[in-house]
Amino acid sequence: MTEADFVPSRYPNDVDSGKTSWKSPSNIALVKYWGKREHQIPANPSISFTLDVCATTTSVSYTKLGEGASDFSFDFRFGGRPKDEFKPKIRTFFARVEKYLPFLRQYHLLIESSNSFPHSSGIASSASSMSALALCLMDLEKQLDPSIDDGFFIKKASFLARLGSGSACRSVQGPIVEWGDHDEMAHSSNLYGVPFSGEVHSVFKNYQDTVLLVDKGEKQVSSTVGHGLMKDHPFALRRFEQAHHNLGRLKSIFAEGDLDGFMAVVESEALTLHAMMMTSMPYFILMRPNTLEIVNRIWDFRRATGLNVCFTLDAGANVHVLYPEHEKAQIERFIKDELAVFCQNGQYIQDSVGLGAQRL
Ligand code: DP6
C-alpha cells in the first residue's frame with residue numbers, strides 16, 4: 001500500500017451526529033524507534049509488546065456543523081475536565097491527517113479522554129492516546145463510508161496514529177507489533193504497524209511487564225526533540241543498521257523461545273537508546289541514579305537465581321521489568337522487596353502483553 005491509498009475519494013453517506021469510544025493500550029518497544037525522516041517515517045524499524053493495563057480510553061462525540069468551519073472545531077476534556085493545554089497537539093495532529101480525513105472541518109468534535117495509569121506517571125501516554133483518537137476518527141469515517149472493511153480500518157487507524165506519534169501506530173493491535181520496512185518481516189511497512197506474523201514460542205505468551213515509576217516528572221527532553229538529534233548524530237547510520245539486525249535476531253528468538261537471546265537484545269536496545277541520547281549534540285541523560293540502581297539489582301538477581309528477568313527503558317527514567325509468566329511469583333516478590341524502594345512513592349504498575357485496542 002502507499003500513502004495515496006489512505007486519501008478517500010468521496011463519501012457515500014451523510015452523518016449528522018454520533019458518538020464513538022475506544023480503549024487503546026500503551027506499548028513497550030523491544031527494538032527501539034529512535035530517529036525519523038519527514039512525515040513520521042521511521043529511520044529504522046521497531047517492534048513492541050502491546051500492553052494491557054496501561055491504556056487510554058477516548059470517546060469522540062461528533063456533530064455536523066452548518067457549513068465547514070475555517071479552523072478545526074473541537075473541545076478536549078481529560079479525566080472529566082477541560083484541558084486546553086493539550087489542544088495545540090491535537091490541532092497539529094488534525095492538520096497532518098486532514099488530507100486523509102477530509103471531513104474533519106465539517107464537524108464539531110468533543111474529545112473526552114482518560115488514562116488507566118496515574119496522571120503524570122511519566123509513562124508515555126502519546127502512544128495510547130493517539131491510537132485511541134485515530135480509532136475514533138476511523139469510526140466516524142466508517143459511518144460516512146460503510147464499505148470500509150476491517151483490514152483497511154485497522155491499517156488506516158495505525159497510519160493516522162503514526163502521524164500523531166510514531167510509536168502510537170504499534171498500539172492499535174497486539175500482542176507483538178512491528179513497524180517499519182524490514183527485509184525479513186512479511187508485510188512490514190513504514191506507513192503503519194503490523195502484527196508480528198512469525199512463529200512465537202509459548203514462553204513469550206502473556207509475557208509480564210512491571211513498570212517501575214522512577215521519576216514521574218516532566219521529561220527535560222521530549223522524544224520528538226530526541227528523534228531530531230539523530231539527524232546529524234555521528235553514530236546514527238550504524239545504529240539504524242543495528243536495529244535491522246536486532247529485529248532479524250528477534251524473529252528467530254521468538255520462534256525458538258530463546259530467553260537468553262531475548263534478554264540480550266532487549267537490554268542492549270535499551271542501553272543503546274540511552275547511549276544515543278548521551279552522544280547527541282546537545283547531549284542529555286534521562287536515566288536517574290535509581291534507574292541504574294534498579295538495572296544493577298536486576299543483573300545481580302538474575303545471576304544469583306538464574307531467573308529470566310530483564311529490563312528495558314523508554315525515553316525516560318522509568319524501568320520496564322520483563323519476564324515470562326511462569327516465573328511471575330518469584331520475580332514479583334523480588335520487585336516488591338528490592339526494587340519498589342527505588343520508585344517514586346514506591347509506585348509501580350503490574351502489566352502484561354495485551355491484544356490491542358478495543359471498541360467500547
Ligand atoms: C523511545 O513515538 O514518542 O519510546 O513520533 O515524535 O511522537 P514521536 O515519538 P515517540 O517516540 C518513541 C520513542 C521510544 C522508542 C519506541 O517506542 O520505539
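Since this is a predicted model, take the numbers as computed values, not measurements. First listed ligand is number 1; within each ligand, the first listed atom is number 1.
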Worksheet entry | Enclosure of His326 NE2 (heavy-atom neighbours >12, cutoff 6.0 Å) | yes
Fill in: More than 12 heavy atoms from other groups under 6.0 Å of CD1 on Ile41
yes
Worksheet item: Using heavy atoms and a threshold below 4.0 Å, how should the contact between Asn27 and ligand 1 be classified: side chain, backbone, both, or neither?
Response: neither
Worksheet item: Crowded around Tyr283 OH? As in, over 12 foreign heavy atoms under 6.0 Å?
Response: no
Practice prompt. Could you give me the CA-CA distance, side-chain angles and deciding distance for Leu65 and Tyr107, then say whether side chain to side chain contact (heavy atoms under 4.5 Å, CB included) is met?
Written response: CA-CA 5 Å; Leu65 298 166; Tyr107 287 87; 5.6 Å; no
Fill in: Nitrogen or oxygen of Trp34 less than 3.5 angstrom from that of ligand 1
no
Fill in: Per atom 16 (C) of ligand 1, closest listed option by heavy atom (Arg162, Arg170, Lys36, Met276)
Arg170
Discussion item. Using heavy-atom distances only, which candidate in His227, Met130, Lys89 approaches atom 9 (O) of ligand 1 most closely?
Written reply: His227
Practice prompt. Pick one of side chain, backbone, both or neither for how Ala29 approaches ligand 1, counting any non-hydrogen atom pair under 4.0 Å.
Written response: side chain
Item to complete: Find out whether the Lys NZ or Arg CZ of Arg297 is both under 6.0 angstrom from the six-membered ring centre of Phe342 and within 45° of the ring's axis.
Response: no
Worksheet entry | Short N or O distance, Gly166 and ligand 1, threshold 3.5 Å exclusive | yes
Discussion item. Within ligand 1, which atoms have a heavy atom of Thr224 less than 4.0 Å away?
Written reply: 6 (O)
Worksheet item: Quick check: does any side chain N or O of Lys156 sit under 3.5 Å from a backbone N or O of Asp5, one acting as donor and the other as acceptor?
Response: no
